[in-house]
Amino acid sequence: MTITAILSALAQEQHGLIELLQRPRKVTHAGRDFWQGELHGQPVVLALSKIGKVAAATTAAALMERFGAQRMVFVGVAGGLGADVAVGDVVVGQFFLQHDMDASPLFPRYEVPLYGRTLFGGDAALTKALFEASQKALSNPHLHSAYPAATAHLGLIASGDRFVSGAAESSSLRSALRSVGHEVLAIEMEGAAVAQTCYDYGVPFAAVRTISDRADDTAHVDFPSFIDQVASRYALAIVERLLKTL
Ligand code: ADE
């Protein structure tokens, strides 16, 4: 059976999954804990990406090289950048880019040098399954009583090594990307790095992010309280539904 890796950014988002794990085995490797076992009859390995692009790419490479991960699902939180992307919504990544990649004038702004591309895509089938699982999870009103209009979006996620916590910064980021044709829905710190690593290894990748803040002047306050109260429940509900359909 296909081994599914489930990457979480934060420990709070992983706790519920570890509790559900059948035949759990913990292995420490490259300074990280990896949890092997089964969830809903599927062989899985759970890991924390750590924070930022390099740490996440290292975790992803270890999952594939050392733990035999054959598909990779990232579950985490993000700041909402799209106009209609609200706190409590969910964004599933159709494409990923690195908003802090800039090797201009040698290469076009945002293009990853020597790959000849700016965007890395989520795997079509896995992304569709993850989007459907997210929609189903959100259709349960008990999941998000504080967010009655919570919506699942599918689109572009931008990653970079910055926690964006300012309305001016987030709007200039959004317009800079828009000026070269990229309409970004959410911003975080790992997805594009994991997408690139999975591209290198030919491993299907999909990512879902619950919107914890609007990357504006209150982002640093909204983010931690959201993680504790909401994000872990979303992560569990979405992953359980996904695994039942794979
Ligand atoms: N993850 C969640 N919120 C974020 C933000 N505002 N910037 C970067 N990563 C995030």
Side-chain angles (χ1 to χ4, degrees), residues 6-15 47-60 73-102 110 120 122 130 134 138 144 146-147 150-153 155-178 182-196 205-236 238-239:
I6 299 167
L7 265 171
S8 315
L10 300 157
Q12 294 96 317
E13 295 174 293
Q14 195 193 42
H15 280 155
L48 293 181
S49 63
K50 299 198 170 184
I51 296 183
K53 294 193 284 56
V54 174
T58 300
T59 309
V73 179
F74 199 112
V75 185
V77 296
L81 278 201
D84 62 342
V85 178
V87 172
D89 284 0
V90 157
V91 174
V92 174
Q94 194 170 22
F95 293 102
F96 303 83
L97 67 72
Q98 297 178 39
H99 66 75
D100 54 358
M101 175 59 75
D102 186 0
Y110 305 116
F120 288 83
L130 186 59
S134 304
L138 288 184
H144 54 78
Y147 306 100
T151 307
H153 308 263
L156 177 64
I157 293 180
S159 312
D161 289 324
R162 281 184 70 76
F163 184 82
V164 178
S165 184
E169 182 181 350
S170 69
S171 98
S172 77
L173 228 156
R174 197 173 150 212
S175 18
L177 285 165
R178 180 182 283 159
H182 301 304
E183 197 59 53
V184 61
L185 295 188
I187 186 163
E188 38 83 312
M189 302 176 71
E190 299 85 16
V194 178
Q196 183 178 334
F205 171 65
V208 59
R209 296 281 184 164
T210 304
I211 301 305
S212 56
D213 57 79
R214 282 283 307 165
D216 57 12
D217 301 4
T218 61
H220 62 292
V221 182
D222 301 338
F223 174 81
S225 71
F226 190 90
I227 303 294
D228 288 340
Q229 290 158 28
V230 191
S232 47
R233 298 176 48 231
Y234 271 65
L236 193 58
I238 293 170
V239 169

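In each ligand, atom 1 is the first atom listed, and ligand 1 is the first ligand listed.
- With hydrogens and angles disregarded, no donor-acceptor distance shorter than 3.5 Å links the side chain of Ser159 to the backbone of Met189.
- Heavy-atom contacts of Asp213 reach the following atoms of ligand 1: 2 (C), 3 (N), 4 (C), 5 (C), 6 (N) (cutoff under 4.0 Å).
- Residue Ser212 approaches ligand 1 through these ligand atoms, each under 4.0 Å from one of its heavy atoms: 2 (C), 3 (N).
- With respect to the salt-bridge test (charged N to carboxylate O, under 4.0 angstrom), the residues Arg162 and Glu169 qualify.
- Nearest protein heavy-atom contact of atom 9 (N) of ligand 1 is Glu188 CA, 3.4 Å.
- Residue contacts with ligand 1 do not include Ser165, since none of its heavy atoms lies under 4.0 Å from the ligand.
- Applying the 4.0 Å criterion to heavy atoms of Val164 picks out, from ligand 1, the atoms 5 (C), 6 (N), 7 (N), 8 (C).
- Between Glu13 and Ser232, the side chains place no donor N or O within less than 3.5 Å of an acceptor N or O (distance only, hydrogens not considered).
- Annotation: the span from Asp89 atom CG to Leu138 atom CG amounts to 7.5 Å, rounded to 0.5 Å.
- Looking at Gly76, Gly52, Ala78, it is Ala78 that brings a heavy atom closest to atom 1 (N) of ligand 1.
- Listed for the Thr59 side chain is a donor-acceptor partner under 3.5 Å among the backbone atoms of Ser49.
- Across Ile187, Asp161, Ile51, heavy-atom proximity to atom 10 (C) of ligand 1 is greatest for Ile187.
- Ranking the protein heavy atoms by distance from atom 8 (C) of ligand 1 puts Arg162 O, 3.4 Å first.
- Classification of the Phe96-Phe205 ring pair by plane angle, with boundaries at 30° and 60°, yields tilted.
- Taking the six-membered ring where the residue is Trp, Tyr147 and Phe226 present tilted rings, their angle falling between 30° and 60°.
- From the protein, the heavy atom lying nearest to atom 4 (C) of ligand 1 is Phe163 CE1, 3.4 Å.
- Against a heavy-atom cut-off of under 4.0 Å, Phe223 is close to the following atoms of ligand 1: 2 (C), 3 (N).
- The closest approach between any non-hydrogen atom of Arg214 and ligand 1 is not below 4.0 Å.
- Remark: ligand 1 and Gly79 share an N or O pair separated by less than 3.5 Å (distance only, no angle test).
- Under 4.0 Å from ligand 1, heavy atoms of Ala215 appear from its side chain as well as its backbone.
- Ion pairing between a basic and an acidic side chain is recognised when a charged N comes within 4.0 Å of a carboxylate O; Lys53 and Glu188 show no such pairing.
- In this structure a side-chain-to-backbone donor-acceptor pair under 3.5 Å is present from Arg214 to Gly80.
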